[in-house]
Protein chains: 2
Amino acid sequence: MPAPTPAPSALPARRRAGRPTAAILDQDGITTAALELISNKGYDGLTMAALARSLGVAPSALYNHVASKDDVLLLVEDHLAAMVDVSAFGVEPWDAAVRRWAWSYRDVFSEHTPLIPVIAVLPVANAPKTLAMYEAVTAGFRDAGFPEEKIISAIVALEAFVFGAAYDVTAPEDIFDAGNLAEQVPNFTAAVDRLALERHARPTDVAFSLGLEALITGFGALRG
Amino acid sequence: MPAPTPAPSALPARRRAGRPTAAILDQDGITTAALELISNKGYDGLTMAALARSLGVAPSALYNHVASKDDVLLLVEDHLAAMVDVSAFGVEPWDAAVRRWAWSYRDVFSEHTPLIPVIAVLPVANAPKTLAMYEAVTAGFRDAGFPEEKIISAIVALEAFVFGAAYDVTAPEDIFDAGNLAEQVPNFTAAVDRLALERHARPTDVAFSLGLEALITGFGALRG
DNA sequence: GATATAAATGAATGGCATTCATTTATTGGT
DNA sequence: ACCAATAAATGAATGCCATTCATTTATATC
């Protein structure tokens, strides 16, 4: 049967199918809209349908510009990588530069932990800004006298710590409350209670600092 | 209209609805079936439908024993926590015990990275075996002369590193291949190539060892 | 023996990413 | 100046997924 003639939609000037004067969508716009959506509704709210809606477009239109939802996540990841602070490398001493980099790396991704499984396994060739971050860090290590064969390993180790710590930031405060099992784990409970007495900074920041300083000290000793 | 009388199913002795002589399902059986399924089909294959099928049961039956799929993941996680090797604490020296614990922790969860977002944020009260692991580690730190107020922070930091490293294990080998962007990141590319010349162990193991030894050294100095 | 309960069934439900045929304005070639 | 190819949109499927619900019934409890 012939398709019924669509009633000429009088109301909200609905766009008709077909190539428009200028493309509505591009990867930059999709990235920006995704970030906005994530910021407002979190990663649960980031659906292809919601993303399309926020761009005033049908969901299927997105697939002219990205291959999949994972592709969207990759775009977001690469955008965030550019926000990580590598500016101290080559300016400040090596240890201070690492410290700045690692803290900002953690802070950026602690708001975006659902990306971590994506990044951790992402070939860098698909993420130019991420690659640029690695380049800056690598150059910083090299110029600081780091033996070349250990640079990547050191960065990988630091990154592992950063990613794990990013999760930790999002954990509930009472994650270590053993509840009614407390009597069965006296050492653990005592240590948790003891930590709670220290009221300096967020526990997650204390742990991050403790680990990061150990890594910086340990890696610093490798420099020639 | 009245429900049509169901034909008395002659064939595969299909179970009828209603309370059976003994419960078919329990949390242990669900956990075991989930692990089997994960082992065979990976986490993508772990659906409530597949889990139910492997148990010879309707999907909805699972919900008499678990509240949600996340609940299943929690059961799996706690089972795995019991496989982490804490046996060296109190037997071997502190640094050797930490080494054994961290390596085995990483190895166990590198096969189960989809659990990491669950664990990292999981209140320990819901995971008794995980809690038992923490108790053993905490006692080991305390007996090694670790100041009590730093024990939890040190464990959290080590755990963060372990989780991040577990992801790294699953990364593709050529993750650092910059492809056609290689010229734009000369330092990075050189460092990646230089590492490739070292053919001792898996790169992921080299990085883990490097980071872990730095953490052990750094934390070891905190002992009284 | 009556009643309540636990544990199963199977049929919805609603959300999700993704695919596909179709439409049409623009671009580039002749 | 026409014409073919293409890019970019639509909207209607598709199939998978977790979860809910009314219903059934064997067993346990009073």
Side-chain angles (χ1 to χ4, degrees), chain A residues 1-9 11-30 33-34 37 41-76 114 118, chain B residues 1-9 11-30 33-34 37 41-76 114 118:
Chain A
M1 70 190 80
T5 306
S9 72
L11 272 188
R14 182 191 297 259
R15 213 171 22 256
R16 303 217 303 294
R19 183 178 192 152
T21 304
I24 300 170
L25 293 177
D26 59 19
Q27 293 199 334
D28 265 12
I30 291 173
L37 201 48
K41 316 262 182 174
Y43 276 86
D44 282 352
L46 179 64
T47 69
M48 295 302 271
L51 186 53
R53 192 170 344 111
S54 80
L55 286 159
V57 124
S60 52
L62 295 169
Y63 289 87
N64 288 315
H65 303 268
V66 296
S68 63
K69 183 177 179 179
D70 262 16
D71 221 12
V72 175
L73 295 180
L74 199 159
L75 290 173
V76 171
V118 178
Chain B
M1 71 190 81
T5 307
S9 71
L11 272 189
R14 182 191 298 259
R15 213 172 21 256
R16 303 215 305 292
R19 183 179 194 152
T21 306
I24 300 170
L25 293 178
D26 58 22
Q27 292 200 332
D28 264 12
I30 291 173
L37 200 49
K41 316 262 181 176
Y43 275 86
D44 282 351
L46 180 64
T47 68
M48 295 302 271
L51 186 54
R53 190 168 349 109
S54 80
L55 286 159
V57 123
S60 52
L62 294 169
Y63 289 86
N64 287 315
H65 303 269
V66 296
S68 63
K69 183 176 178 180
D70 261 16
D71 220 13
V72 175
L73 294 180
L74 199 159
L75 289 173
V76 171
V118 178

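All values reported here derive from a predicted model rather than from experimental measurement. Just so we're on the same page: letters track the sequence lines, and every chain starts at 1.
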Rounded to the nearest Å, what distance is computed from the [atom1] atom of residue [X] to the [atom2] atom of nucleotide [N]?
{"X": "B/Ile30", "N": "D/dA18", "atom1": "CD1", "atom2": "C1'", "answer": "15 Å"}
{"X": "A/Asp44", "N": "C/dG14", "atom1": "CG", "atom2": "P", "answer": "19 Å"}
{"X": "A/Arg53", "N": "C/dC16", "atom1": "CZ", "atom2": "C1'", "answer": "13 Å"}
{"X": "B/Met48", "N": "C/dT13", "atom1": "CE", "atom2": "P", "answer": "21 Å"}
{"X": "A/Leu46", "N": "C/dC16", "atom1": "CG", "atom2": "P", "answer": "10 Å"}
{"X": "B/Tyr63", "N": "C/dA12", "atom1": "OH", "atom2": "P", "answer": "18 Å"}
{"X": "B/Tyr43", "N": "D/dC17", "atom1": "OH", "atom2": "P", "answer": "17 Å"}

Item to complete: Determine whether A/Leu51 and A/Lys69 make a side-chain contact, defined as any pair of heavy atoms from C-beta on separated by less than 4.5 Å.
Response: no

Worksheet item: Are the side chains of B/Leu62 and B/Leu55 in touch, meaning some heavy atoms are under 4.5 Å apart?
Response: yes

Worksheet item: Tell me, for nucleotides 4-10 of chain D in 5' to 3' order, what letter each nucleotide earns: B for a base near a protein heavy atom under 4.0 Å, S for only sugar-phosphate near one, - for neither?
Response: --BBBBB

Fill in: With sequence neighbours excluded, residues passing side chain to side chain contact (heavy atoms under 4.5 Å, CB included) with A/Leu75
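In terms of side chain to side chain contact (heavy atoms under 4.5 Å, CB included), with neighbours along the sequence ignored, A/Leu75 is linked to A/Gln27, A/Thr31, A/Val66.
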
Item to complete: For A/Ser68, enumerate each residue passing the side chain to side chain contact (heavy atoms under 4.5 Å, CB included) test, keeping only those at least two apart in sequence or located in another chain.
Response: A/Asp70, A/Asp71

Item to complete: Sort and list the pairs that fulfil side chain to side chain donor-acceptor pair (under 3.5 Å) and have at least one residue in residues 42-53 of chain B, not counting sequence neighbours.
Response: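 Residue pairs passing side chain to side chain donor-acceptor pair (under 3.5 Å), neighbours aside: B/Tyr43-B/His112.
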
Worksheet item: Which pairs count as ring pair (Phe, Tyr, Trp, His ring centres under 6.0 Å) when at least one residue sits in residues 55-74 of chain A, sequence neighbours excluded?
Response: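 Output for this query is empty, none listed.
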
